[in-house]
Structure formats: C-alpha cells, structure tokens
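Note that ligands are numbered from 1 as they come in the structure, with each ligand's atoms numbered from 1 the same way.
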Amino acid sequence: MKPETQAIHAGRPSGSSMATAPTICQSTAFAYDTAQELADVFAGKGPGYIYSRLGNPTTAALETRLAHLEDGVGCIATASGMAAISSVAVGLLRSGDEIAASSGIFGGTISLFCRTLQRFAVRTRFFDVAETDQAGAAITEKTKFIFVESIANPGMEVPDIPALAVLARERNIPLVVDNTAATPVLCTPGEFGADIVVHSTSKFINGHGTAIGGAVIDCGNYDWRSGLFENLRDASRRAGRMAFLWHLRHVVDRDLGGCAAPMNSFLMLQGLETLPARMRIHCEKAAALAEFLRRHPKVGRVNYPALDRCRFRERTDRLFGGRGGGLLTFGLGDREKAFRFIDSTRLALNAVNLGDARTLVLHPASTIFHEFSEDEKVKMGAPDDMVRVSVGLEHRDDILNDFETALQKV
Ligand SMILES: *Cc1c(COP(=O)(O)O)cnc(C)c1O
C-alpha cells in the first residue's frame, strides 16, 4: 500500500471492537485467568500484554503504523524523542565507546551525547555532514554508531544518507537517522541503507502540538549477529532480525521506563492519518516563505534545503524528491534584530515546538542552545542572529503578511 493509505489503515484495530478509530486502551495492567498463562507470557511462550510499561494495545497500533510507514521490521514507541534516542544509546553503548555524530543536530541530543553520556565515559566525535569524507575521520575502532538527522534541526543540513550507509557498512557499525524533520513522507532512511530510525513524534507526526512522544524503528538492514554488540547475543538467538528491538523492549526500555502513554499513542495515530496531506502543505508554504525571505532586503542568509542556491539542493532532490520540509532558518544580522522580529510577529507564535499546524518562530541561540558557548552555537548551526521558523498550515498570504509586517519593525 502507498504511504497515504498506510498512514490511515496500518495498525487498524481488529477483533471485538467495531470502532473505526483507534481505541484508547487506558489500562495499566492486563489480567489472566490462570497463573500459568501469565507465567507463559512472561517467559515469552505466548503473545500477550502484561503491564503498559512493556507494551499496550493502543501503543502497539502506533508501532505497527510507524513500522509500515518507515518500511522497517518493527518499532517501539517511547515517551518522547529524547527517550527514543536515550534508549538507542543505552542499547548500543557501554563505557569507553564512541559515537560519530553530525554537528548541526538537536540541542537535546548534543547535551545527551556530550554531557550525560560523557559521565559514563562515552565520547562523541562530531563531523560536518556537508563533507561526507570527514565522517570517516570521526569513526575509530571504539565507535558503535553513526548518528545524523535527515534534516538537521536547526542547522538545516542534509546528510548524504546513502554514502554514510556505505561507510557504516564498511566499518560494520549501524547508521542511526533521526527522521523527525523529514518524516517518512519525505524520506525513508532505511531505503537508503540506514539501520535505525528515531523520531520525535511530538513534532510533525502529532502535527497539532498536543502530546510528547518518540519512536525507534529498526530498518532491518543491520545484522545484529555481527559480533560488535555482545549485549545483543542473547537477543539475536531469541529474536533474529528483531534482536535490537527485542533487547530494547525486554531489557533497556523496561529498565529505563520511558514508555509511551496510551492516550498519547492515540494522538500520534490520529496525527499520522493526515501526515502525508499535511507535509505537502508544510513543504509548499515553507518553500514560498523561503523564497520571500531570500528576496527581502532586511534578511541575510536563508537556509532551506529546497532553495535553488542551497548547497544541499542536490541531496534534497535525490533523497526527498525535491521537497524541503516545513522548517527554515534565516539570519537578521544580530540578536537584537532577531528578538525585535520575534516580538513583532502577530500570527506566528514564539515557542520551542515544531511541526505544529501553527507557524512558530524561535531564537535557538537563547533557548534550546542557551547553555552552550558562542563558539559552540555557531558550530551547532545556531548563531546569535538566527531565527528558526516552523511553517504552519495557515493561508500563505497571512503568513507572508505577518513576516513582512514584523520585518518592517526590524
Ligand atoms: C524535538 C526533537 C527531538 C527531541 O524530541 P522530544 O519529543 O522533544 O523529546 C529530537 N530530535 C529532533 C530532530 C527534534 O526536533
């Protein structure tokens, strides 16, 4: 089935409920008639739900739908995008290991990799995705995975996923792609050789700014019996291709506890139904706004992957079918001007979310990246004069008018 159809029908409830919409199974635990039955489920001898930290029917429907959309072998939904990234990291790393990550990624991920995980003797080496050759230099014999974002937030860089997948395969390590900004509508990284996809479903997938969530999808490309991950030996024996997800569900996520809530899974399922339609509109409006800003005399540079002059345009064509997504950034010269612009918008809201139906503007340097030095901020793609925009679904004229009026005040 095509993505538009999968987004609505994959994971559709079957069985006794005649509801057309996903049902919210708001139950903590699941009861069994006999002690033996529950013991069998615990021992993995039969299917069944136990306790919603380990699995829940509403969340399972979301996992099925996301696995279909990403064309993966399976999925685990989590409490947030950060919970998804944390569980992948804990599932693959032990102290002394390294991560090779692109430099322009989400601030929370940088903080996890460089601060929290550093306390457990994990080191992260960064590379610039514009130069795929550089990635090789960031990989050592201690590296356990490569991490990139399909469209970096807020750097707006587009990695050459097929080239990085070749590199990962040569070094026998998995390539992990955070596909939050491109969504499976623009790109399914597994198709280009990526091994694991993570999402913050809080963003475009939810689509309306109503719940926090995340997901991990195994694309089925990495052979977990490779020997690199000794912690996955038992899981490989038990679950074969599903080894990594089995390990996350039965060990890592069980222990860390970052499970998705059933009500939030329902909201994500609902968001997914309109994701293909919404992404089309987000891309259209963002392209129009990028073009408007590019021509505006008060605006310095504009970063949008589908702009003709963008250095990532070729990759955008090859990987995303020429669609640039719903995010863009632009420079106004200094922080004061960026603040004045943000204070002057009437329609666009000043908020840290993205992928919402509403247009949102943000000054990344003083918010998500506030704890980093000026130098680090520039490297991470969040210089002090930069405004990030998540272009919403409002009428194009209203968005452009709001920006024109606010730019007049700068
Ligand atoms: C927001 C975001 C995250 C973190 O997700 P949460 O759901 O907020 O925990 C991770 N990666 C990217 C690219 C994001 O935009």
Side-chain angles (χ1 to χ4, degrees), residues 59 62 66 70 75-90 99 101-117 124 126 129 145-159 161 176-187 189 194 196-217 253 256-261 263-265 267-268 271-272 275 279 282 286 303 305 320 324-329 351-356 360-362 364 367-369 380-382 388-391:
T59 299
L62 172 63
L66 277 170
E70 286 287 359
C75 167
I76 294 182
T78 57
S80 68
M82 287 317 302
I85 298 168
S86 302
S87 67
V88 168
V90 172
I99 304 166
S102 66
S103 44
I105 57 179
F106 180 66
T109 308
I110 294 182
S111 178
L112 168 71
F113 287 178
C114 296
R115 298 193 171 165
T116 304
L117 290 178
T124 303
F126 289 97
V129 287
F145 64 88
I146 304 174
F147 187 95
V148 297
E149 289 176 6
S150 50
I151 302 174
N153 166 24
M156 303 304 294
E157 295 103 353
V158 176
I161 297 172
V176 182
V177 178
D178 181 336
N179 200 22
T180 300
T183 81
V185 175
L186 266 58
C187 167
I196 297 168
V197 165
V198 291
H199 277 288
S200 166
T201 56
S202 325
K203 313 291 172 54
F204 290 101
I205 287 176
N206 174 278
H208 301 80
T210 57
I212 302 280
V216 180
I217 292 111
D253 286 356
L256 293 182
C259 58
M263 179 67 198
N264 286 5
S265 296
L267 292 168
M268 301 312 178
L272 276 176
L275 181 70
M279 284 312 287
H282 280 300
N303 300 307
F320 310 151
L327 297 179
L328 60 86
T329 61
V352 281
N353 193 19
L354 58 89
D356 199 311
L360 306 175
V361 291
L362 180 74
T367 54
I368 300 173
F369 291 89
M380 293 168 185
R388 185 187 78 187
V389 188
S390 173
V391 186

- Item | L354 N/O under 3.5 Å from ligand 1 N/O | no

- Counting only N and O atoms by type, is there a donor-acceptor contact under 3.5 Å from the side chain of S103 to the main-chain atoms of F126? no

- Heavy atoms, side chains only, cut-off 4.5 Å: are L66 and L272 in contact? yes

- Of all the non-hydrogen atoms in the protein, which one sits nearest to atom 4 (C) of ligand 1, and at what distance? F106 CE2, 3.4 Å

- What is the minimum heavy-atom distance between F145 and F113, and which atoms define it? CE1-CZ, 4.2 Å

- Nearest-0.5 Å distance, NE2 of residue H199 to CG of residue D178: 8.0 Å

- Numbered atoms of ligand 1 (with element) below 4.0 Å of N153, judged on heavy atoms: 14 (C), 15 (O)

- Among protein heavy atoms, which sits nearest to atom 6 (P) of ligand 1, and what does the distance come to when rounded to 0.1 Å? G81 N, 3.4 Å

- Looking only at non-hydrogen atoms, find the nearest pair between D356 and S390 and report the distance. N-OG, 4.2 Å

- Query: Out of D178, I368, T180, who gets a non-hydrogen atom closest to atom 11 (N) of ligand 1?
  - Reply: D178

- Item | Interfacing atoms of ligand 1 (cut-off 4.0 Å, heavy-atom, E149) | 13 (C)

- Note on the structure: Among non-hydrogen protein atoms, atom 2 (C) of ligand 1 lies closest to K203 NZ, 2.5 Å

- Main-chain N/O of S200 paired to T180 side chain as donor or acceptor, under 3.5 Å: yes

- Query: Looking only at N/O atoms, are S200 and ligand 1 under 3.5 Å apart anywhere?
  - Reply: yes

- Can you tell me if G213 has a non-hydrogen atom under 4.0 Å from ligand 1? yes

- How far is atom 9 (O) of ligand 1 from its nearest protein heavy atom, and which residue and atom name does that atom have? M82 N, 2.9 Å

- Message: Among T59, T210, T201, I212, which residue satisfies the side chain to side chain contact (heavy atoms under 4.5 Å, CB included) criterion with M268?
- Response: T201

